[in-house]
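Report on one structure; see the data block that follows.
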Amino acid sequence: MTLSLGPLLPVLILDDVESARSLAEALRDGGISQAEVTLRTPAALDALRVMASVGDLTVGAGTVLTCEQADASVEAGASFLVSPGWDPALAAYAGELGVPLIPGVATPSEALAARAAGCSQLKVFPISTLGGVAFIDALAAVFPDVTFVPSGGIRPEHAREYLSCPSVETICGSWMAPRALVAAGDFAAVTAASRAAVEAIA
Ligand code: 3PG
């Protein structure tokens, strides 16, 4: 199952549900059309539910570690799931739920297993530690039928370089909506950061 996402996928950490609607609107106003709400805080699922109800934003769940979390995410309105690593049981379960899963991989063996299980979009995490664009190029040479979603430690000034890889359609990161800005309720700054990110890859 493949999902068409835009080039920039903000990775979000929400500490309170009250921020959710304003955050969704701030991202949208900044020209972002998709977001990943990570299940790293108690507020995450409720925040996902609110964000998914705001129009013109495709919202997925990130940091999905278990089938129970996959269930809860879909129930809350997630259009896609992202996991930090490869788990065949989670992939099979996402298939049963009928929701696209972007599993994390960090080695060619994991990419091989994920591809064999039917995943055609693979998060490569944590990309800055794994070797950056050179690592993506090496994977792309042997997995030509897979697209890669690099994430983890990408600096905004490198966004364009990642997106110039033919096998990369989407990159992830927190720089479009840093946790501290969201927690401070500075949504104008989130819109500005998002807009700057969009302009930087244009
Ligand atoms: C992820 O889950 O993909 C990362 O937390 C995002 O990485 P970043 O915060 O370094 O951009």
Side-chain angles (χ1 to χ4, degrees), residues 1-87 89-104 119 121-123 125-126 149-152 154 169-187 189-191 193-194 197-198:
M1 233 171 306
T2 306
L3 183 73
S4 183
L5 292 170
L8 296 171
L9 179 61
V11 174
L12 308 175
I13 301 177
L14 285 101
D15 291 293
D16 60 82
V17 67
E18 287 72 29
S19 306
R21 176 166 298 277
S22 301
L23 176 58
E25 290 168 356
L27 290 168
R28 205 182 49 185
D29 291 349
I32 301 279
S33 306
Q34 53 280 315
E36 174 188 331
V37 178
T38 59
L39 304 185
R40 299 181 197 176
T41 60
L45 279 173
D46 286 336
L48 196 165
R49 191 183 308 278
V50 171
M51 292 187 71
S53 72
V54 174
D56 298 327
L57 194 69
T58 302
V59 183
T63 322
V64 178
L65 307 180
T66 66
C67 295
E68 290 73 22
Q69 287 180 322
D71 247 344
S73 301
V74 170
E75 192 276 326
S79 298
F80 62 96
L81 307 174
V82 183
S83 65
W86 169 241
D87 175 6
L90 183 61
Y93 194 67
E96 280 175 38
L97 290 175
V99 63
L101 169 71
I102 305 175
C119 298
Q121 276 168 306
L122 306 180
K123 166 170 169 160
F125 175 78
V149 183
S151 188
I154 296 180
E169 292 169 1
T170 303
I171 61 173
C172 298
S174 54
W175 71 92
M176 295 145 266
R179 181 179 190 168
L181 287 186
V182 177
D186 194 347
F187 300 110
V190 170
T191 295
S194 299
V198 170

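Each residue takes its place number in the sequence, starting with 1. Here the structure is a predicted model, which is why all the values come from computation and not from measurement.
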Measure the shortest side-chain to side-chain distance between Val190 and Met176 over non-hydrogen atoms and say whether it is less than 4.5 angstrom. no
The test is side chain to side chain contact (heavy atoms under 4.5 Å, CB included); show your working for Ile154 and Trp175 and say whether it passes. CA-CA 9 Å; Ile154 296 180; Trp175 71 92; 3.9 Å; yes
Could you pull out the closest heavy-atom pair between Phe80 and Leu9, with the gap in Å? CZ-CD1, 3.9 Å
Are any non-hydrogen side-chain atoms of Asp87 and Pro103 less than 4.5 angstrom apart? no
To the nearest 0.5 Å, what is the distance between CD on Gln121 and CD on Glu169? 7.0 Å
To the nearest 0.5 Å, what is the distance between CG on Leu97 and CG on Leu81? 7.5 Å
Is any side-chain heavy atom of Val182 closer than 4.5 Å to a side-chain heavy atom of Ile13? no
Ser53 and Arg21: which non-hydrogen atoms are nearest, and at how many Å? OG-NH2, 3.5 Å
Using the rule given for side chain to side chain contact (heavy atoms under 4.5 Å, CB included), can you reason through Leu27 versus Met51, listing the C-alpha separation, both sets of side-chain angles and the distance that settles it, and then say yes or no? CA-CA 10 Å; Leu27 290 168; Met51 292 187 71; 4.1 Å; yes
Interatomic distance, CG@Leu3 vs OG1@Thr58, rounded to 0.5 Å, equals 7.0 Å
side-chain hydrogen bond (donor to acceptor under 3.5 Å, both in side chains) with Ser151: which residues, sequence neighbours excluded? none
With Ala72 via side-chain contact (heavy atoms from CB on, under 4.5 Å) - residues at least two apart: Leu45
Matching residue for Cys172 among Val149, Val82, Leu5, Ile102 - test: side-chain contact (heavy atoms from CB on, under 4.5 Å): Val149
Heavy-atom side-chain contact between Cys119 and Trp86 under 4.5 Å: yes
In terms of heavy-atom contacts, Val64 and Ser83 come closest through O-CB, 3.1 Å
Donor-acceptor contacts, no H, no angles, side chain residues 32-40, under 3.5 Å, sequence neighbours left out:
residue, atom, partner, partner atom, Å
Gln34, OE1, Gly6, N, 2.9
Gln34, NE2, Leu8, O, 2.8
Thr38, OG1, Leu12, O, 2.6
Arg40, NE, Thr63, OG1, 2.7
Arg40, NH2, Thr63, OG1, 3.2

Drop me the distance from Ser19's OG to Asp186's CG, to the nearest 0.5 angstrom. 11.5 Å
Measure the spacing between OG of Ser174 and CG of Leu181 and express it to the nearest 0.5 Å. 10.5 Å
Least distance between heavy atoms, Ala78 atom then Leu48 atom: N-CD2, 3.6 Å
Side-chain (Arg28) to main-chain (Gly55) donor-acceptor, under 3.5 angstrom: yes
How far does CG of Leu101 sit from NZ of Lys123, to the nearest 0.5 angstrom? 11.0 Å
So Gln69 and Thr66, side chain to side chain contact (heavy atoms under 4.5 Å, CB included) or not? Walk me through it. CA-CA 5 Å; Gln69 287 180 322; Thr66 66; 3.2 Å; yes
